[in-house]
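We count residues from 1, following the sequence as given. None of these values were measured; they are calculated from a predicted model.
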Amino acid sequence: MARVPLLLLALGLAAAAKSPYQQVLQHSRLRGRQHGPNVCAVQKLIGTNRKYFTNCKQWYQRKICGKSTVISYECCPGYEKVPGEKGCPAALPLSNIYETLGVVGSATTQLYSDRSNLRPEIEGPGSFTIFAPSNEAWASLSAETLDSLVSNVNIELLNALRYHMVDKRVLTDDLKHGTTLNSMYQNLPIQIHHYPNGIVTVNCARLLKADHHATNGVVHVIDKVIATTTNTIQQIIETEDSLETLRAAVAASDLNSLLESEGQYTLLAPTNEAFEKIPRETLNRILGDPEALRDLLNHHILKSAMCAEAIIAGLTMETLEGTTLDVGCSGEELTLNGKPIIANKDILATNGVVHFVNELLIPDSAKTLFELAQESEVSKSTEFFRQAGLSSHLTGSERVTLLAPVNDVFKDGLPVIDSNMRNLLLNHIVKDQLSSKYLYHGQKLQTLGDKELRVFVYRNNLCIENACIAAHDKRGRFGTLFSVDKMLTPPTGSVMDVLKADHRFSTLVAAIQSAGLTENLNRPGTFTVFAPTNEAFRALPQGELNKLMGNAKELANILKFHVADEILVSGAVNALVRLKSMQGDKLEVSMKNNVIHINKEPVAESDIMATNGVIYALNSVLQPQASRPQERGDEPADPALEIFKQASALSKVSQRNPRLAPVYSRLLARMKENSGGV
C-alpha cells in the first residue's frame, strides 16, 4: 500500500516540472487573473511593439534591457474575448494550421502560404509544427530579400516556408535547450534554445505566441523570418573579411578543430578593428605567446549558445577559459562587462552563434602584472614601482607575486624613493606565482629583497605580515597581484631587538630585564606585545611605580599581562577578539573608529612587526583583574545583608497573604542571629 502514495508523489512532481516558458506564462496568468479568466499580463517596452511574458523579478523591476515597460493585459495564448463577458473565457476555434495563422497574428505567413501553394498541405490531414513569422517580421525584411522570395513563389518562397516547418507536433515543453529539429526543407536543422528566463528561440528568433493548437498540428509565432544555415563557426571566420586577424590567431592557437566540431558555442568574434585598438607591443606579446593567445581566444568563447533575443537583463556567463563575462543589454544594444561593444549579433552557425565585437577582451591570464595593476585599485602602486626602477619585474616572464598597496594608502602622495624605499618595494615582490586560497597559517614567503614574510590566516582576513589582502587575486600570465591594505613592514629583529631600538620603550626594556623576561621575548615564538611607552609609566603614581619596580614577581605578573602567545595584527580585528595573556587573564582587543583598543585603552601605534611577534605601542599600563581595586560586585556576600534583601522582598507580599507571615518571621529571626542579636 505504501507504493501508491509514492507513485502519486512522482506523478505530482512530474506535473510540477514545467518548462521555463510555461513557468513564466503561469506567472503572467497569476498577474492577470484579476481581469478575468485566461488573461495574461505582459510587459511592453515603451515606444515599441515588443512584448514579454516575464518572471517575478522582471515584473517588480518593470524594466527590459534597462528600459521602462508598461503593463498591458491580453488574452493568454489559445483564448479569445466574448462580447459582454469579463476576461477571455472562450478557447479559440480549433481549425487547421492555415486558418489558425490568420487568427494568431501571422496573416502574412498565411498569405504567402497561399501564394506558394503550401496551403493545401497545411489545410489537409497530418501533424505539423510551423514557426510562423509575425506580420512585423515579414515587414522588417529588406526589399531585396523580400523580392527574391516573392518573385519565385514556387521555389524560393515555398522552400523558405517549409524550412519553418517540422513534420510532427512540437509544443514548448518539447523545445529543449540546445536541441535541433529537422525542418521540412531538405531536413536542414532548426536550432532550439530554451533559456532559464522563459525565452525560447528558434534559430535566434524569439517565440512570441506559442502552443496554438490546430486540427493538424501546432502554430508558434516568432519575431523573425529564419534562414537556413550550413556553416560552422570556423567557416564563418574563414569567409568574413573583417575577421582576418582573428582567423590568423585561431590558426596559430590550433582552435580550428574546436570551432568546426559539434556543439553549441557563442563566439564573441573580435574584428580587425578590435585588434588594432590594442597597443602594438601588447598585441605582439600575446600573439607570440601560444598560452596567452589561447587564453585570449578561449575568453571570447562562451560555453553555450546565447542568442541576443534571450538577453533581457544582465547575467554572468562562463567562458572556455574558465572565467566569466557579464552579458547584458541596454535598449537594443548588447553589452559585455557593461560596455556596448557588440557590432553585429546573431550570426547563426550549425554549432552555435557568432556576435562580432569591436573591442578585444583580454583576460587576466594573458596580462602582465603591470597591466593587471594599471586597471585596478592599485594603479598608484604601479607608478611607485615604475619610479623605483622595478618595472622589469612586473612586465617580464619572472614568476612572482606582487603585494600592491591599494590607492588609498597613497592618498597624500607617493613617498620619496631612496635606497631604503627601493629595498622595501623589493620586499613587496614575492618569489613564485601564488594563489591566496592556497596560503596557510605560518607559511614563510621569500621576497626579491631577501626577506622572509609570514602568512597569518584569521577568521575574517588573510594577512602577510601587517598587510592584509583587500581584494580577490588577479592572476596574470606570469605573476599574481595581491591588493593589500597597507605598506608592508618586514620584521627587522626579535621583540626585544625592536623594543631596544625604539627610545619610546626604554623604561619597558628595563622592566623586562628586571623581571627576568628578556630571554622569553628573544626566543622564537608568536607573541603579541602591548608595549607601554615611557609616557605610560610616567603616568603611574610615583609610589605605585616604585613599588612595582621593586617587586620582581609583581612586575613580571604585570608585564606578562601585556603579552599574548599568538600573533594578532590589526587587520584581523573586526569587532572584538579575546586573547589569553601569558599571565592567565583575558585581553580584549577591539576596533573603534579605526583605532585598535586593548581593554578599552586606545593604542598609539599598531603592527610594529618583529621576527617572533607583533608590538602595539600603548600609552597606559594595563592592570590585571586581580590587581584592580575590588568593586562592590566582587566583594564577599554578607549573609545578613542577603537575608535582609529576601526579607524585604517578602514583607510586602506577606502583608497581603497571611500564609506567608510565618516565613517572614523566620527570615527576621535568621537576620538577628547573623547580626549577633543586635
- [ ] In sequence, state the C-alpha distance, the side-chain angles, and the governing distance for K44 and T69, and then conclude on side chain to side chain contact (heavy atoms under 4.5 Å, CB included).
- [x] CA-CA 5 Å; K44 180 181 177 182; T69 62; 5.9 Å; no
Between [X] and [Y] (salt bridge meaning N to carboxylate O under 4.0 Å), is one present in this structure?
X    : Y    : answer
K367 : E375 : yes
E371 : R285 : yes
K277 : E273 : yes
D173 : K18  : no

Just checking, any donor-acceptor pair under 3.5 angstrom between side chains of [X] and [Y]?
X    : Y    : answer
R62  : Y60  : no
T271 : N358 : no
E238 : Q234 : yes
E156 : S148 : no
R29  : N38  : yes
T480 : D473 : no

Exercise: identify the closest heavy-atom pair between [X] and [Y]:
X    : Y    : value
H27  : T54  : ND1-O, 2.8 Å
A373 : T382 : CB-OG1, 2.9 Å
A210 : P77  : O-CB, 3.5 Å
P270 : A274 : CB-CB, 4.0 Å
H194 : L175 : ND1-O, 2.8 Å
A252 : L293 : CB-CD2, 3.9 Å

TODO: Kindly indicate, with the supporting measurements, whether the criterion side chain to side chain contact (heavy atoms under 4.5 Å, CB included) is fulfilled by I226 and L348.
DONE: CA-CA 10 Å; I226 61 175; L348 201 65; over 6 Å; no
Task: Candidate list I237, L297, V354, test side chain to side chain contact (heavy atoms under 4.5 Å, CB included), partner L259, passing option - done: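 Looking at I237, L297, V354, the match for L259 under the side chain to side chain contact (heavy atoms under 4.5 Å, CB included) is I237.
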- [ ] Scan D167, V166, N187 and name whichever one has a side chain to side chain contact (heavy atoms under 4.5 Å, CB included) with N182.
- [x] N187
Going by the rule side-chain contact (heavy atoms from CB on, under 4.5 Å), which residues pair with [X] if we only count those two or more places apart in sequence or in a different chain?
X    : answer
P340 : E333, T335
E276 : N272
P196 : none
S376 : V378, K474, L481

Open item on the list: Other residues, nucleotides and ligands only: do more than 12 of their heavy atoms fall within 6.0 Å of CZ on R169?
Closed with: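 Counting other residues, nucleotides and ligands, CZ of R169 exceeds 12 neighbours.
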Task: Between CG on residue D147 and OG on residue S142, distance to nearest 0.5 Å - done: 8.5 Å
Task: Gap separating the CD atom of Q43 from the OG atom of S68, nearest 0.5 angstrom - done: 10.5 Å
Listed pairs under 3.5 Å, donor-acceptor, residues 101-109 side chains, sequence neighbours left out:
from : atom 1 : to   : atom 2 : distance (Å)
S106 : OG     : T109 : OG1    : 2.7
S106 : OG     : P133 : O      : 2.7
T108 : OG1    : N135 : OD1    : 3.1
T109 : OG1    : P133 : O      : 2.8
T109 : OG1    : W138 : NE1    : 2.9

Open item on the list: Tell me every residue that passes side chain to side chain donor-acceptor pair (under 3.5 Å) with E80, counting only those two or more places apart in sequence or in another chain.
Closed with: none
TODO: Please identify each residue that fulfils side chain to side chain donor-acceptor pair (under 3.5 Å) with E321, with sequence neighbours left out.
DONE: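 Once residues adjacent in sequence are excluded, the partners of E321 under the side chain to side chain donor-acceptor pair (under 3.5 Å) criterion are H299, T323, S365.
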TODO: Can you run down the salt bridge (charged side-chain N to carboxylate O under 4.0 Å, His left out) pairs that involve residues 90-115, sequence neighbours left out, and say none if there aren't any?
DONE: D114-R119
- [ ] Just grab all the disulfide (SG to SG under 2.5 Å) pairs involving residues 111-194, residues at least two apart or on different chains.
- [x] none
Task: Side-chain (R294) to main-chain (V250) donor-acceptor, under 3.5 angstrom - done: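 Checked: no pair found.
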Task: Q235 side-chain N/O to E260 backbone N/O, donor-acceptor pair under 3.5 Å - done: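 Answer holds: no.
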Task: Test item: I301 and T319 side chains (from C-beta on) under 4.5 Å apart, heavy atoms - done: no
Open item on the list: Does any part of the side chain of I347, heavy atoms only, come nearer than 4.5 Å to the side chain of I236, both counted from C-beta?
Closed with: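 Of all side-chain heavy-atom pairs linking I347 with I236, at least one is under 4.5 Å.
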TODO: Please test R31 against C56 for side chain to side chain contact (heavy atoms under 4.5 Å, CB included), starting from the C-alpha separation and ending with a verdict.
DONE: CA-CA 10 Å; R31 296 295 179 184; C56 194; 3.8 Å; yes
Task: Listed once per pair and sorted, the ring pair (Phe, Tyr, Trp, His ring centres under 6.0 Å) pairs that draw on residues 142-177, sequence neighbours left out - done: H177-H193, H177-Y195
TODO: Could you name each residue pair satisfying ring pair (Phe, Tyr, Trp, His ring centres under 6.0 Å) that touches residues 115-134, not counting sequence neighbours?
DONE: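 Every ring pair (Phe, Tyr, Trp, His ring centres under 6.0 Å) pair that includes a residue of residues 115-134, provided the two are not neighbours, is F131-H220.
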Task: Pairwise side-chain hydrogen bond (donor to acceptor under 3.5 Å, both in side chains) hits with a residue in residues 337-355, at least two apart - done: K339-E359
